[in-house]
Participant: 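What follows is a single structure, and I will ask about it in a moment.
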Protein chains: 2
Amino acid sequence: MKTQVSNLYASYPKFLLSVDCIVFGFKENKLFCLLIKRNFEPEIGKWSLVGGFLNENENLNQCASRVVFDLTGLDKIYLEQLETYSEINRDWADRVVSVSYFALINLELFEMPSNTNYTAKWFEINEIPELIFDHNKMINNSLQNIRSKIGKFPIAFSLLSERFSLPKLQNVYEAILSESLDKRNFRKNMLASGLIKKLEEKDKTSSKKGAYLYSFNQ
Amino acid sequence: MKTQVSNLYASYPKFLLSVDCIVFGFKENKLFCLLIKRNFEPEIGKWSLVGGFLNENENLNQCASRVVFDLTGLDKIYLEQLETYSEINRDWADRVVSVSYFALINLELFEMPSNTNYTAKWFEINEIPELIFDHNKMINNSLQNIRSKIGKFPIAFSLLSERFSLPKLQNVYEAILSESLDKRNFRKNMLASGLIKKLEEKDKTSSKKGAYLYSFNQ
DNA sequence: GCAAAAGTGTTGATTGTACACCCATGT
DNA sequence: ACATGGGTGTACAATCAACACTTTTGC
């Protein structure tokens with residue numbers, strides 16, 4: 001079927017399509033973003049977002065998953081499409097239309113695999129260097145996006161392990177919003193939301209008393 | 001510069017890129033969506049969103065403006081990018097990645113120009129027929145989107161003339177949300193928002209008493 | 001004078017926000 | 001015993017939601 005009619009749109013131009021992923025991670029109570037040092041032209045040696053070109057045999061979501069997996073080895077992570085950037089000269093080498101995604105991954109136990117072909121590094125979110133093309137803008141837009149989402153949708157849990165304490169969860173919120181929250185009000189809201197389930201165990205890694213662990217409800 | 005390095009990405013595939021616009025209009029206290037009857041293959045004769053392919057010399061916003069202008073003759077309308085659809089077989093003729101946009105236009109005084117090459121028709125929002133490809137999904141997603149936006153951002157004014165009465169504005173909100181609102185609370189909120197400025201004149205077209213006209217503040 | 005739409009306030013409920021002390025434990 | 005982070009409740013403010021009658025005017 002496809003080949004029978006594939007000349008219908010023959011007169012229209014085609015474009016390179018890429019995804020650029022803003023990969024957020026959380027550790028040491030801070031929010032990080034994964035960047036790679038480009039080992040190819042143009043702008044070789046500069047830092048950039050995690051990106052790659054769309055293949056014929058995949059959709060954009062699959063492309064974003066693949067790109068993140070190739071770099072981190074993590075699959076089944078939280079990924080969401082954001083905006084599509086199409087300025088004519090945004091990439092100086094060629095016309096490329098790029099779809100931005102954000103990813104949330106848990107860094108508590110994660111170490112970057114060293115067997116990749118890339119130099120990758122986690123940057124604290126307010127220490128992002130100058131990036132290629134429009135990548136700084138992509139990060140800023142994605143930050144705005146997750147800030148507005150975190151109050152309405154349960155995305156923060158993707159940055160933590162399956163079991164987490166309430167103080168840790170609050171740290172995630174504070175890191176994303178970059179403001180400190182009231183402990184009592186935070187707990188009240190979280191518990192009232194019904195999103196979390198209290199467990200028996202305690203996490204004693206960050207206090208002598210220990211903090212009860214919770215898990216995310218479906 | 002561009003041509004010097006344009007072989008860097010030579011090994012990657014290229015794609016047809018289109019925009020599909022959900023063009024909303026408001027008249028007779030109802031929300032409408034503009035659809036066209038396709039006069040080209042595939043799916044000739046079926047209804048579809050207003051769409052077109054991206055050209056080399058434009059970005060996606062410009063493409064969306066052009067596509068809407070070609071059909072309605074209106075420029076400088078409110079346009080906003082939504083999602084990008086990339087399922088491999090979403091278009092049966094060829095692989096096409098499509099970026100959806102929504103547009104809001106004022107239909108009170110507008111008549112569709114008859115000199116276009118298309119058959120275009122306004123459909124009331126809950127009488128949308130079956131459309132080609134994933135266009136019904138696009139409309140549903142865009143509806144959700146503007147419903148969540150209308151309470152936070154001043155997008156409703158784009159559906160009305162420069163001067164409008166509060167009852168008319170309320171009708172816009174009710175049509176978009178498809179629920180009826182309390183008159184007193186609605187006015188209270190609108191006036192408190194500071195977004196509108198009361199004028200001296202009244203609109204007498206829909207009542208004997210007449211309703212004061214307001215204008216949108218920048 | 002009556003029908004039809006415009007305009008106008010108050011009350012109670014809910015939600016959000018600010019705030020300070022005791023608890024458990026490892027050292 | 002003390003330092004450290006975990007856990008708890010209350011009071012006030014702000015916002016939201018429900019509700020009914022009067023006004024204007026063209027016919």
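Letters A, B, ... are given to chains in the order of the sequence lines, protein chains preceding strands, and every chain is numbered from 1. Every heavy atom of this structure was used, including side-chain atoms; hydrogens, water molecules and symmetry mates were not.
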Participant: B/K168 has an atom NZ; how far is it from atom C1' of C/dA6, in whole Å?
Facilitator: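 Answer to the nearest Å: 14 Å.
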Participant: Where the side chain of A/H135 meets the backbone of A/L49, is there a donor-acceptor pair that is under 3.5 Å apart?
Facilitator: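 Checking the backbone N and O of A/L49 against the side chain of A/H135, a donor-acceptor pair under 3.5 Å is found.
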Participant: Using a distance-only test with no angle check, is there a side-chain donor-acceptor pair under 3.5 angstrom linking A/Y85 and A/D91?
Facilitator: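 On atom types as modelled, these side chains do not qualify, holding no pair under 3.5 Å.
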Participant: Report the distance from atom CE of B/M190 to atom C1' of C/dG7, rounded to the nearest whole Å.
Facilitator: 17 Å
Participant: What nucleotide, of D/dT10, D/dG6, C/dA6, holds the atom closest to the side chain of A/K183?
Facilitator: D/dG6
Participant: Any donor-acceptor pair under 3.5 Å linking the side-chain atoms of A/N185 with those of A/K188?
Facilitator: yes
Participant: Tell me which nucleotide among C/dA6, C/dA4, C/dC19 gets nearest to the side chain of B/K208.
Facilitator: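 Ranking C/dA6, C/dA4, C/dC19 by closest atom to the B/K208 side chain puts C/dA4 first.
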Participant: Among C/dA6, C/dC19, D/dC19, find the nucleotide with the atom closest to the side chain of A/R184.
Facilitator: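 The answer is C/dC19, which lies nearest to the side chain.
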Participant: Answer yes if the side chains of A/Y101 and A/N61 hold a donor-acceptor pair under 3.5 Å, and no otherwise.
Facilitator: yes
Participant: Write down the distance between CG (A/D203) and P (C/dT25), rounded to a whole number of angstrom.
Facilitator: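 Taking atom P of C/dT25 as the reference, CG of A/D203 is at 14 Å.
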Participant: Would you please indicate if the ring centroids of A/F186 and A/Y173 are separated by under 6.0 Å?
Facilitator: yes
Participant: Nearest-Å distance, CZ (B/R187) to C1' (C/dG9)?
Facilitator: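 Spelled out: CZ on B/R187 to C1' on C/dG9 is 13 Å.
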Participant: Roughly how many Å is it from CZ in B/F186 to C1' in C/dA5, rounded to a whole number?
Facilitator: 16 Å
Participant: Consider the side chain of B/A211, meaning its heavy atoms from C-beta on, and name the nucleotide among C/dG7, C/dA5, C/dC19 that approaches it most closely.
Facilitator: C/dG7
Participant: CG of A/L191 versus C1' of D/dG7: gap in Å, rounded?
Facilitator: 11 Å
Participant: C/dT8 P sits how many Å from B/Q170 CD, rounded?
Facilitator: 14 Å
Participant: Which is true for B/S165 with a 4.0 Å heavy-atom rule: it touches a base, it touches only sugar-phosphate, or it touches nothing?
Facilitator: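 Since no nucleic acid heavy atom lies under 4.0 Å of B/S165, the category is nothing.
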Participant: Whole angstroms only, please: what is the CG-P distance between A/D182 and D/dG9?
Facilitator: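 It is 14 Å, rounded to the nearest whole Å.
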Participant: Answer yes or no: does a side-chain N or O of A/K204 lie under 4.0 Å from OP1 or OP2 of C/dG26?
Facilitator: yes
Participant: Quick one: which of D/dG6, D/dA17, C/dA6 gets closest to the side chain of A/K209?
Facilitator: D/dG6
Participant: Over all strands shown, is A/N189 touching base, sugar-phosphate only, or nothing at heavy-atom distances under 4.0 angstrom?
Facilitator: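 It contacts nothing in the nucleic acid.
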Participant: Just compare D/dG26, C/dG7, D/dA17 and give me whichever is closest to any side-chain atom of B/K188.
Facilitator: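 Of D/dG26, C/dG7, D/dA17, D/dA17 is nearest to the side chain of B/K188.
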Participant: From the set C/dA4, C/dA18, D/dG6, return the single nucleotide nearest to any side-chain atom of A/N185.
Facilitator: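 Nearest to the side-chain atoms of A/N185, counting from C-beta on, is C/dA18.
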